[in-house]
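These notes concern the structure reproduced below.
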Amino acid sequence: MEDRPRQSKKRKRDKHRKSEKKKENSSQLNVTHQPNQASSMRARLSGGHFRMINEKLYTCSGKDALDYFKEDPALFDVYHTGYQEQMSHWPELPINIIMKWLKDHSPSLVVADFGCGDARLAKNVKNKVFSFDLVSNDPSVIACDMSKTPLDSSVIDVAVFCLSLMGTNYPNYLKEAHRVLKPSGWLLIAEVKSRLDPNNGGADPKKFLKAVSELGFTSVLKDYSNKMFVLLYFKKKDKQKSEMKEIEWPELKPCLYKRR
């Protein structure tokens, strides 16, 4: 009979310890989850900001985009962080194919990279590369409106547009590429596949090819093998027409990324 009170007290102590342990574990779980929740919230906010900036870049002119980033250069970092996150989901990147193409050709070819981002192309090939974008976060990048680069005429061997025909005045970028390219110089365009898919609201690729050809290029190769993007290779014609007729450029729809 004397052992019963002792057993009862022991059970109460054990119960109390378990209760305190449970509270401690719960507290630890809350501490663990709070940073994760905060990180998740920041990621969602950052992703939303990227999509907003991305849509603006597709729906304004190059000059407006340049002014936009001049007002707040930090937005450029937000955009490129989001862009890199989107690209991380692609099984293959067009910039890698372009780098391989350059490595298979002479390193003496001078390149102009229109919309270079972090200048990855310049950092991974032996060629002399002029890197252009709206903001320069790297000494090798020249900040400018891509329709008005500081290059002289006929000084470039290869002009590259890797997912960078974004402005509403994108034909002006291609006209600038034509100006700076030497005769027989190369024009390489990588573009999101949906933008040149009329079945999904995109432009007719034949009309786009026709417009580029009328600008003064010859279509050399069309690569539609990748499910994410197309690669188009052109060469500048040696002889240009003295009188250029007005070119009918197809509208390229914005590439708007969905929330993940």
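Keep in mind that the numbers below use all heavy atoms, side chains included, and drop hydrogens, waters and symmetry copies. Please read all numbers here as calculations on a predicted model, not as lab measurements.
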I need the [X] [atom1] to [Y] [atom2] distance, nearest 0.5 Å.
X      : Y      : atom1 : atom2 : answer
Ile142 : Asp113 : CD1   : CG    : 11.0 Å
Lys237 : Phe217 : NZ    : CZ    : 10.0 Å
Asn137 : Phe76  : CG    : CZ    : 6.5 Å
Leu57  : Thr168 : CG    : OG1   : 11.0 Å
Glu251 : Phe208 : CD    : CZ    : 13.5 Å
Ser147 : Tyr173 : OG    : OH    : 6.5 Å

Looking at every heavy atom in both [X] and [Y], which two are closest together, and how far apart are they?
X      : Y      : value
Pro254 : Tyr58  : CB-CB, 3.6 Å
Phe132 : Ala112 : CE1-CB, 4.1 Å
Pro94  : Phe229 : CD-CE2, 3.6 Å
Met228 : Pro91  : CG-CD, 4.2 Å
Lys182 : Ser154 : CG-O, 3.5 Å
Ala119 : Ser131 : CB-OG, 4.1 Å

Okay, side chain of [X], backbone of [Y]: is any donor-acceptor separation there less than 3.5 Å?
X      : Y      : value
Ser136 : Val141 : yes
Asn127 : Val129 : no
Lys236 : Leu181 : yes
Asn169 : Gly62  : yes
Asn200 : Gly202 : no
Asp133 : Val135 : no
Lys207 : Glu248 : no

[X] atom [atom1]: more than 12 heavy-atom contacts under 6.0 Å:
X      : atom1 : value
Lys253 : NZ    : yes
Lys126 : NZ    : no
Lys70  : NZ    : no
Lys193 : NZ    : yes
Gln84  : CD    : yes

Notebook entry, point to check: Going through the distances and angles, do Asn124 and Leu102 end up as a side-chain contact (heavy atoms from CB on, under 4.5 Å)?
Noted result: CA-CA 10 Å; Asn124 286 277; Leu102 284 170; over 6 Å; no
Validation row: [X], [Y] side chains within 4.5 angstrom (heavy atoms):
X      : Y      : answer
Trp90  : Asn226 : no
Leu231 : Ile98  : yes
Leu196 : Leu232 : yes
Cys116 : Leu121 : no
Gln86  : Asn54  : no
Glu176 : Arg179 : yes
Ile97  : Asp223 : no
Trp249 : Asn172 : no

Set out, in order, the CA-CA distance, both residues' side-chain angles and the distance that settles side-chain contact (heavy atoms from CB on, under 4.5 Å) for Glu85 and Phe50, then state yes or no.
CA-CA 10 Å; Glu85 198 281 328; Phe50 160 73; over 6 Å; no
Subject >> N-O pairing of Glu214 and Lys245 below 4.0 Å >> reply: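 A salt bridge links Glu214 with Lys245.
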| Would you call Glu55-Arg51 a salt bridge at under 4.0 Å N-O? |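 Salt bridge between Glu55 and Arg51, a charged N being under 4.0 Å from a carboxylate O: no.
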Think Lys128 forms a cation-pi with Phe130, using NZ or CZ under 6.0 Å from the six-ring centre and within 45 degrees of its axis?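 The answer is yes, since Lys128 meets both limits relative to Phe130.
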Check your understanding: Parallel, tilted or perpendicular: which describes the rings of His105 and Trp186, with under 30° parallel and over 60° perpendicular?
Key ->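 Correct class here is perpendicular.
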query = With under 30° as parallel and over 60° as perpendicular, where do the rings of Phe161 and Phe114 fit, or are they tilted in between?
reply =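 Parallel, since the angle between the ring planes stays under 30°.
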- prompt: Between Leu93 and Arg120, is a side-chain contact (heavy atoms from CB on, under 4.5 Å) present by the stated rule, with each step listed?
  reply: CA-CA 12 Å; Leu93 299 180; Arg120 183 177 175 187; 3.5 Å; yes
- Query: Please walk me through it: do His80 and Asp118 pass side-chain contact (heavy atoms from CB on, under 4.5 Å)?
  - Reply: CA-CA 8 Å; His80 271 282; Asp118 58 2; 5.9 Å; no
